[in-house]
Amino acid sequence: QVQLVESGGGLVQTGGSLRLSCVGSGRSFSSYVMGWFRQAPGKEREFVAAINWSGGASYFADFVEGRFTISRDDAKNAVYLQMNRLKPEDTGVYYCAADTLRPNGNNWPWVNYWGQGTQVTVSS
């Protein structure tokens, strides 16, 4: 099992940037595909991005449009989401996610491990 703790959320203006961090505890962090989901008020949780076990491949939702990058540092048991050119519609709670299986494109419905979430608010 792996426990996940996010940080780095906050309030930012349109066009600004934020870097989310997620630190995992437990064994074999490098054996997990890591990623991020988000949930806006009144909407379902949706996939944002993921990075595979070696960091050699990453996956993004269509709405990212090249604005976000995902990276991992297995020595620190950490995964990061750098978000640039933020828009008000990026507002939501961002959740760190982990599973031993990678997404199928930008579909990742079989995630088993979740963090508690961190709030991101983009003001217009």
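Computed from heavy atoms alone, side chains included, the values below leave out hydrogens, waters and symmetry copies. What you see is a predicted model; the values in this text were computed from it and never measured.
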In terms of hydrophobic clusters joined by side-chain contacts under 4.5 Å, are L4 and V120 together?
yes
Exercise for the section: For S25 and Q3, test the side chains for any donor-to-acceptor distance below 3.5 angstrom and give the result as yes or no. Expected result: yes
The complete set of side chain to side chain donor-acceptor pair (under 3.5 Å) pairs with one or both residues in residues 42-55, sequence neighbours excluded, reads R38-E46
* Asked: Is the closest side-chain heavy-atom distance between M34 and C96 below 4.5 Å?
  -> yes
For this session: Is it possible for you to say whether V5 and V2 belong to one hydrophobic cluster, with membership spreading through side-chain heavy-atom contacts below 4.5 Å?
Result: no
**Message:** Please determine whether residues F47 and W36 belong to a single hydrophobic cluster, defined as Ile, Leu, Val, Met, Phe, Trp and Tyr linked transitively by side-chain heavy-atom distances below 4.5 Å.
**Reply:** no
By ring-ring contact (aromatic ring centres under 6.0 Å, His included), Y94 pairs with (sequence neighbours left out) none
Notebook entry, point to check: Tell me, do T69 and M83 make a side-chain contact under 4.5 Å, heavy atoms counted?
Noted result: no
Report yes or no: does D73 contribute a side-chain atom to a donor-acceptor pair with the main-chain N or O of A78 at less than 3.5 Å? no
_Test item: V93 and T118 side chains (from C-beta on) under 4.5 Å apart, heavy atoms_ = no
In the single-linkage hydrophobic clustering (I, L, V, M, F, W, Y; side-chain heavy atoms under 4.5 Å), do V122 and L11 co-cluster?
no
The complete set of disulfide bond (SG atoms under 2.5 Å apart) pairs with one or both residues in residues 37-93, sequence neighbours excluded, reads none
Measuring only between side-chain heavy atoms, which start at C-beta, is V33 closer than 4.5 Å to T100? no
Non-hydrogen side-chain atoms of Q13 and L86 separated by less than 4.5 Å | no
Nearest heavy-atom contact between G35 and I70 is CA-CD1, 4.1 Å
Give the table of side-chain donor-acceptor pairs shorter than 3.5 Å for residues 14-22, with sequence neighbours excluded, one pair per line with atom names and distance.
from: T14; atom 1: OG1; to: S123; atom 2: O; distance (Å): 2.8
from: S17; atom 1: OG; to: N84; atom 2: OD1; distance (Å): 2.9

message: Check for me, please, whether V12 and Y80 land in the same ILVMFWY cluster - side-chain distances under 4.5 Å, paths through other members count.
response: no
Taking every heavy atom of G92 against every heavy atom of Q119, the minimum-distance pair comes out as O-NE2, 3.4 Å
Partner of F37 under ring pair (Phe, Tyr, Trp, His ring centres under 6.0 Å), picked from W114, Y95, Y113, is W114
Practice problem: Check for a donor-acceptor pair, side chain of N77 on one end and backbone N or O of G24 on the other, with a separation under 3.5 Å. | Solution: yes
Contacts of F60 meeting ring-ring contact (aromatic ring centres under 6.0 Å, His included) (sequence neighbours excluded), chain-then-number -> none
Sub-4.5 Å side-chain heavy-atom contact between W110 and N104
yes
Self-check item: Pair E89-F63, side-chain contact (heavy atoms from CB on, under 4.5 Å): steps then yes or no
Solution: CA-CA 10 Å; E89 50 264 44; F63 61 76; over 6 Å; no
Check your understanding: Would D74 and R72 count as a salt bridge (Lys or Arg N to Asp or Glu O under 4.0 Å) if you check the C-alpha gap in whole Å, the side-chain angles of each, and the deciding distance to 0.1 Å?
Key -> CA-CA 6 Å; D74 289 342; R72 65 188 296 162; 2.8 Å; yes
Do F29 and K76 have side-chain heavy atoms sitting under 4.5 Å apart?
no
Heavy-atom closest pair (R85 atom, E65 atom, distance to 0.1 Å) is NH2-O, 3.7 Å
Check: Do the side chains of D62 and N106 get nearer than 4.5 Å, heavy atoms only?
Finding: yes
Sorted by chain and residue number, the ring-ring contact (aromatic ring centres under 6.0 Å, His included) partners of F68 (sequence neighbours excluded) come out as none
